[in-house]
There are 2 protein chains.
Amino acid sequence: MTATVNESTRNGVDTATLFATLDAVKAAPEAAKFQFRAHNEWISGTHSRGTIYGFYGVGAERTHERAFQFDADHPAVLVGKDNGPTPVEHLLHALAACLTAGLVNIAAARGVELTEVHSEVSGDIDLNGILGLDPSVRNGYEKIAVRFTVRGDAPAEKLREIVEQSRARSAVFDVITNSVPVSIEVDAG
Amino acid sequence: MTATVNESTRNGVDTATLFATLDAVKAAPEAAKFQFRAHNEWISGTHSRGTIYGFYGVGAERTHERAFQFDADHPAVLVGKDNGPTPVEHLLHALAACLTAGLVNIAAARGVELTEVHSEVSGDIDLNGILGLDPSVRNGYEKIAVRFTVRGDAPAEKLREIVEQSRARSAVFDVITNSVPVSIEVDAG
């Protein structure tokens with residue numbers, strides 16, 4: 001834990017900067033237009049490696065402080081070599097991380113000091129869909145369940161409201177529970 | 001590259017095992033019912049750590065060969081400490097990895113030898129949504145674009161058909177372009 005503790009920091013969130021950022025975006029809404037990106041390189045079989053580095057936001061091309069790399073694969077039972085989680089597991093991680101970041105920011109903004117946040121996300125999927133064996137079965141998850149444990153210096157009801165507000169403002173929750181158009185272009189040869 | 005090359009291996013995919021798995025699931029469709037999971041632990045601010053290890057499938061509780069851990073955070077420009085990609089970037093990685101694993105399996109099944117597969121995924125998002133500053137703006141991505149480069153020993157048209165079949169059978173593509181119900185339970189105190 002290397003978080004700097006100062007007057008405006010709560011839950012590791014610099015609330016002064018958080019509120020200043022909100023004011024800056026209110027004054028210049030274009031600053032909030034972002035484009036995020038991932039590069040993927042096939043390695044062998046179901047094993048591939050994603051690299052996340054550059055993005056666009058606040059009116060300029062930007063980069064993370066370093067390039068982040070993540071492997072994905074299938075386990076042996078799904079004819080892979082288990083060099084990483086499956087893509088659908090990466091997706092569950094994205095959902096938990098999004099809800100968590102949101103609720104910590106919201107708690108900080110509302111003056112609530114959190115002591116513990118953890119979650120378990122599970123997704124039920126019938127692979128008869130992606131295997132093409134049953135046309136009545138969808139390819140993706142049938143349902144996803146998130147179980148949060150949240151501890152802090154506020155009554156349980158207030159902590160639940162913070163989680164609810166995080167759900168109401170989560171980008172990944174929106175993507176999963178609603179639909180996003182995805183275009184695919186192919187340079188083949 | 002440590003892929004074992006034998007008579008039934010193409011693109012690093014053990015096609016004999018792939019076809020045997022399809023036959024086994026045809027004979028016992030219940031084997032295809034899986035549950036995937038992710039655990040998430042808040043660290044500080046928008047920084048959290050996901051752990052992916054156990055899952056259920058082929059009628060039994062299983063684990064990956066090791067636990068995989070992935071950090072998520074916001075960059076400084078979004079009031080984080082950049083200890084990992086944002087959750088919405090993890091989501092783009094999941095999409096690319098899913099489409100890639102699918103197309104490599106499909107190419108192997110169709111007798112196509114691939115020499116190169118890489119992709120760039122980008123997602124456009126207006127953060128006025130999650131910041132709560134404009135009720136007409138959604139929280140998640142407005143649109144996502146995938147650009148594949150695929151090289152192999154088949155005509156361009158056949159390679160494009162393989163990508164199209166991967167799209168038609170991708171779990172993550174389905175989750176993003178359609179909707180999945182997500183329940184959230186909270187143990188607060």
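None of these values were measured; they are calculated from a predicted model. Chain identifiers are assigned alphabetically (A, B, ...) following the order of the sequence lines, protein sequences preceding nucleic acid strands; residue numbering begins at 1 within each chain.
When each of A/L114, A/I162, A/D134 is scored by its heavy-atom pairs under 4.5 Å with chain B, the top score falls to A/L114. Of the listed residues (A/P85, A/S170, A/A97, A/A145), the one with the most heavy-atom contacts under 4.5 Å to chain B is A/P85. Contacts with chain A were tallied for B/A154, B/A101, B/S179; B/S179 has the most, counting heavy-atom pairs under 4.5 Å. Looking only at heavy-atom pairs under 4.5 Å with chain B, the residue among A/H118, A/K143, A/Q35, A/E89 that has the most is A/E89. Interface check for chain A: of the options B/G102, B/P155, B/A108, B/G132, the most heavy-atom pairs under 4.5 Å are formed by B/G132. Note on A/G152, A/A96, A/P181: by heavy-atom pairs under 4.5 Å with chain B, the leading option is A/P181. Counting heavy-atom pairs closer than 4.5 Å to chain A, the top-ranked of the candidates B/A156, B/S119, B/A76 is B/S119. Most heavy-atom pairs under 4.5 Å with chain A: of the set B/A20, B/P87, B/S48, this distinction falls to B/P87. Most heavy-atom pairs under 4.5 Å with chain B, from the set A/T17, A/L99, A/V137, A/L91: that is A/L91. Listed options B/L159, B/V13, B/V186 were ranked by heavy-atom pairs under 4.5 angstrom with chain A; first place goes to B/V186. Between chain A and the options B/R151, B/E41, B/R147, the largest number of non-hydrogen pairs under 4.5 Å is found for B/R151. Interface remark: of the candidates A/G84, A/G50, A/A72, A/A107, A/G84 forms the most heavy-atom pairs closer than 4.5 Å to chain B.
Rounding to the nearest 0.5 angstrom, the gap separating the CG atom in B/L127 from the CG atom in A/L22 is 11.0 Å. The structure places CD1 of A/I130 at 10.5 Å from CG of B/D174, a figure rounded to the nearest 0.5 Å. Taken to the nearest 0.5 Å, the CD atom of B/E116 stands 9.0 Å off from the CG atom of A/D187. Atom OG1 of B/T115 is separated from atom CH2 of A/W42 by 7.5 Å, given to the nearest 0.5 angstrom. Interatomic distance, A/I176 CD1 to B/N178 CG, rounded to the nearest 0.5 Å: 13.0 Å. To the nearest 0.5 Å, atoms NE2 (B/H74) and SG (A/C98) are separated by 6.5 Å.
Between B/L131 and A/K26, every side-chain heavy-atom pair lies at or beyond the 4.5 Å cut-off. Taking the side chain as every heavy atom from C-beta outward, A/V146 and B/V182 approach each other to under 4.5 Å. The shortest side-chain heavy-atom distance between B/F34 and A/V77 falls under the 4.5 Å cut-off. With contacts defined as side-chain heavy-atom distances shorter than 4.5 Å, the pair A/L133/B/V25 qualifies. With contacts defined as side-chain heavy-atom distances shorter than 4.5 Å, the pair A/V79/B/F19 does not qualify. A 4.5 Å side-chain heavy-atom check between B/E120 and A/R37 finds every atom pair outside the cut-off. Contact annotation: the side chain of A/V104 never approaches that of B/T46 to less than 4.5 Å [non-hydrogen atoms, C-beta and beyond].
Only the backbone of B/N83 comes within contact range of chain A, with heavy atoms under 4.5 Å apart. Contacts between A/N105 and chain B at a heavy-atom distance below 4.5 Å involve the side chain alone, from C-beta outward. For A/T100, the part lying under 4.5 angstrom from a heavy atom of chain B is the side chain only. Contact annotation for B/I52: only side-chain heavy atoms (C-beta onward) come within less than 4.5 Å of a heavy atom of chain A. A/V163 touches chain B through its side chain: at least one heavy atom from C-beta onward sits under 4.5 Å away, while N, CA, C and O do not. Looking at A/L103, neither its backbone nor its side chain comes within 4.5 Å of chain B, counting heavy atoms on both sides. In this structure, no portion of A/D73 lies under 4.5 Å from any heavy atom of chain B. Both the backbone and the side chain of A/V121 come within contact range of chain B, judged by heavy atoms closer than 4.5 Å. For chain B, the nearby parts of A/I184 are the backbone and the side chain; heavy atoms of each come within less than 4.5 Å. Contact annotation for B/L95: only side-chain heavy atoms (C-beta onward) come within less than 4.5 Å of a heavy atom of chain A. At a 4.5 Å heavy-atom cutoff, B/A31 makes no contact with chain A through either its backbone or its side chain.
In this pair, A/F70 and B/H90 present their aromatic rings tilted. The plane angle is within the 30 to 60° band. Ring geometry, B/F36 versus A/Y141: the interplanar angle exceeds 60°, so the pair is classed perpendicular (tilted spans 30 to 60°).
A/K33 and B/D126 make their closest contact through NZ-OD2, 3.5 Å (heavy atoms, listed as atom of the first residue, atom of the second, distance). Minimum heavy-atom separation, A/H64 to B/T86: CE1-N, 4.5 Å. In terms of heavy-atom proximity, B/K81 sits nearest to A/G12 at NZ-O, 3.8 Å. Counting all heavy atoms, side chain and backbone alike, B/A188 lies closest to A/R160 at CB-CG, 4.1 Å.
For A/E61, the CD atom is densely surrounded, since the number of other residues' heavy atoms within 6.0 Å is greater than 12.
A donor-acceptor contact shorter than 3.5 Å is absent between the side chain of B/N139 and the backbone of A/F173. A distance-only check finds a donor-acceptor pair linking the side chain of A/N128 to the backbone of B/P29 [under 3.5 Å].
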Residues B/T177, A/V180; criterion side chain to side chain contact (heavy atoms under 4.5 Å, CB included); working and verdict | CA-CA 5 Å; B/T177 58; A/V180 179; over 6 Å; no
Could you check A/F55 against B/L78 for side chain to side chain contact (heavy atoms under 4.5 Å, CB included), going step by step and ending with a plain yes or no?
-> CA-CA 12 Å; A/F55 62 94; B/L78 294 173; 5.9 Å; no
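Neither A/F68 nor A/I43 shares a network with the other; the hydrophobic side chains, linked directly or stepwise wherever heavy atoms of I, L, V, M, F, W or Y lie under 4.5 Å apart, form separate groups for each.
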